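Below is one structure, written out as structure tokens; comments come after it.
Since this is a predicted model, take the numbers as computed values, not measurements. Side chains are part of it too, since the values below use all heavy atoms of this structure and drop only hydrogens, waters and symmetry mates. So you know, we letter chains A, B, ... as the sequences are listed, proteins then strands, and number each from 1.
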2 protein chains.
Amino acid sequence: MAPPSLDLTQDTRHRLLEAALLVFAEKGYDGAGIREIAQRAQANSALVTYHFGGKEGLYREALRSIHDRKVSAVAGLPPPPEPGDPGARETAIQGMKDYIRAFVTDLMSCPAESEVDAAAMALIGREIQMPHPVSAPVLVEFARPYMERVLALLRILCPGEDDEARLRATLSIQGQILHFRNSLGFIRLLSGDPEFPKDLEALIQHFIAFSLRGLGLPEAFPPPRS
Amino acid sequence: MAPPSLDLTQDTRHRLLEAALLVFAEKGYDGAGIREIAQRAQANSALVTYHFGGKEGLYREALRSIHDRKVSAVAGLPPPPEPGDPGARETAIQGMKDYIRAFVTDLMSCPAESEVDAAAMALIGREIQMPHPVSAPVLVEFARPYMERVLALLRILCPGEDDEARLRATLSIQGQILHFRNSLGFIRLLSGDPEFPKDLEALIQHFIAFSLRGLGLPEAFPPPRS
DNA sequence: TTGACTGAATCAAACGATTGATTAATATTG
DNA sequence: CAATATTAATCAATCGTTTGATTCAGTCAA
């Protein structure tokens, strides 16, 4: 294993944050040691206490730093239509398609692009499933925009349902995608196909079709072609 | 925190396994210590090595023991129909409804029933997302029957799709449910409703309707009432 | 000189593992 | 049957290692 040193032109604090993302994502909070993190950042382990007040502070700041790492594709989407707008329903259907594509894109920024970004998303996925006590506030702030957007779209697409039904639908839409992302390693192990999924665009189309049909929108049924 | 002692009439080996499920589920492999596990089992920590060869062996055996803890509701289902059977399609639709209900039941054996069973399912969920190297074989064996059943049903319900499309559909069906189970704590935090979901039967009906419609089965669309 | 920063050395605490002694139950023998 | 040998199970004590945290002499730009 070659020593995977990070960009030394960045200041030490920043290098520590990136190394922390990598190691925490790979080994979890308890499994990661500040010595290993410091070594990856080519820094001294004492700097963890100096810059962040300790391992916990480093973890919290590393999670926070994910916000700044990349502009979310979802954040760049136009705001969802209001219930009164003309053509709100058609706009909302297109908005849902765009959202699902952006959500998958956000989550699958996978290793090709940036090793650190991929680690950041893996960390987020892990934290959603089992939040570390320290990370809960950061995590809620991170996830809320995603949640709110889908709920806003569903208020137009499923006006007859109650709030809990819309929450269930939101969770089904995001859950299938999040589970796919979080357990991809296991899925590859189980299916015996180490390079699944071969076709990312087909995957996005599947999520769009499955979700729109799942919501029971007559416009989306059948067939799945759209 | 009262000392949560386990049933002392069971032999020590069994008590250690149950305590291991509780502590590993709560803190993960690295976060859990054999001292704490032994203390919960009211046993000596040296017995971990004596009975299981070490912490790793205890972890492996604890995961294995989940098989024996409770008979899976899915395992009790009748076998899925063969593609040639008369009325195979109707049988398969009903089979999918029964499967989803049984799957949710398996996963949500939540704390009311047995604290240890709930911990066991939490551990499975954690392992699916980030498998410990030691646990991969046990985990694959655990998950395969669930996977195979859905794929068998989809071979009847979606005969036109290719294998990868059916795998995607399987993952969407199971993913929404697994994600729901795994991140329930986070969802309650995010939605601000600490007792979500209030209605388990409505949740099951939602998963059934969302999945059948998502698959694009004309019989299931619309409306979701079935 | 001062203040920000560095890093080798070190700390107490917790870790998993091992030891040797002890008990209790079973098997073997006289 | 009684005495002895064998084995599995359990224990307190301790091993060496690793952990996160701390110290402190030293560097370097302002």
*Ion pair present between A:Glu18 and A:Arg40, side-chain N to carboxylate O less than 4.0 angstrom?*
no
*asked:* Looking at A:Tyr50, I'd like to know whether one of its side-chain N or O atoms comes within less than 4.0 Å of OP1 or OP2 on C:dC5.
replied: yes
_From the set C:dT6, D:dA21, C:dT19, return the single nucleotide nearest to any side-chain atom of A:Thr49._
D:dA21
*Nearest to the side chain of B:Ile34 - C:dG16, D:dT10, D:dA21?*
C:dG16
*To the nearest Å, how far apart are A:Glu36 CD and D:dT19 P?*
9 Å
*Go through D:dA21, C:dA4, C:dT19 for me and flag the one nearest to the A:Ser45 side chain.*
D:dA21
*Would you mind reading off the distance between A:Leu47 atom CG and D:dA21 atom P, rounded to a whole angstrom?*
13 Å
*Distance, rounded to the nearest Å, where B:Asp30 contributes CG and C:dG16 contributes P*: 9 Å
*Ignoring the backbone of A:Lys55, work out which of C:dT18, D:dT23, D:dG20 is nearest its side chain.*
D:dG20
*Given atom CD of A:Gln42 and atom C1' of C:dT6, what is their separation to the nearest angstrom?*
14 Å
*Mind checking whether B:Tyr99 and B:Phe207 have ring centres under 6.0 Å apart?*
no
*Figure out the CD/P separation between A:Gln39 and D:dG20, and round it to whole Å.*
13 Å
*May I have the distance from B:His51 (atom NE2) to C:dG16 (atom C1'), rounded to whole angstrom?*
17 Å
_Distance check needed: D:dT10 C1' versus B:His14 NE2, whole Å only._
19 Å
*salt_bridge(B:Lys27, A:Asp30) N-O dist < 4.0 Å*: no
_Please report the distance, rounded to the nearest Å, between CD1 in A:Ile37 and P in D:dT18._
17 Å
*Any side-chain heavy atom of B:Lys97 within less than 4.5 Å of one from B:Arg101?*
no
*Counting any heavy atom closer than 4.0 Å, what does B:Ala32 reach on the DNA or RNA strands: base, sugar-phosphate only, or nothing?*
sugar-phosphate
*Decide yes or no for A:Arg149 and A:Leu77: does some side-chain heavy atom of the first lie under 4.5 Å from some side-chain heavy atom of the second?*
yes
*Nearest-neighbour nucleotide for the B:Asn44 side chain, D:dT10, C:dG7, D:dC11 considered*: D:dC11
*Look at the side chain of B:Arg35 and decide which nucleotide, out of C:dC15, C:dC5, D:dT22, has an atom nearest to it.*
C:dC15
*Among the nucleotides D:dA12, C:dA17, C:dT6, which one has an atom lying closest to any side-chain atom of A:Thr12?*
C:dT6
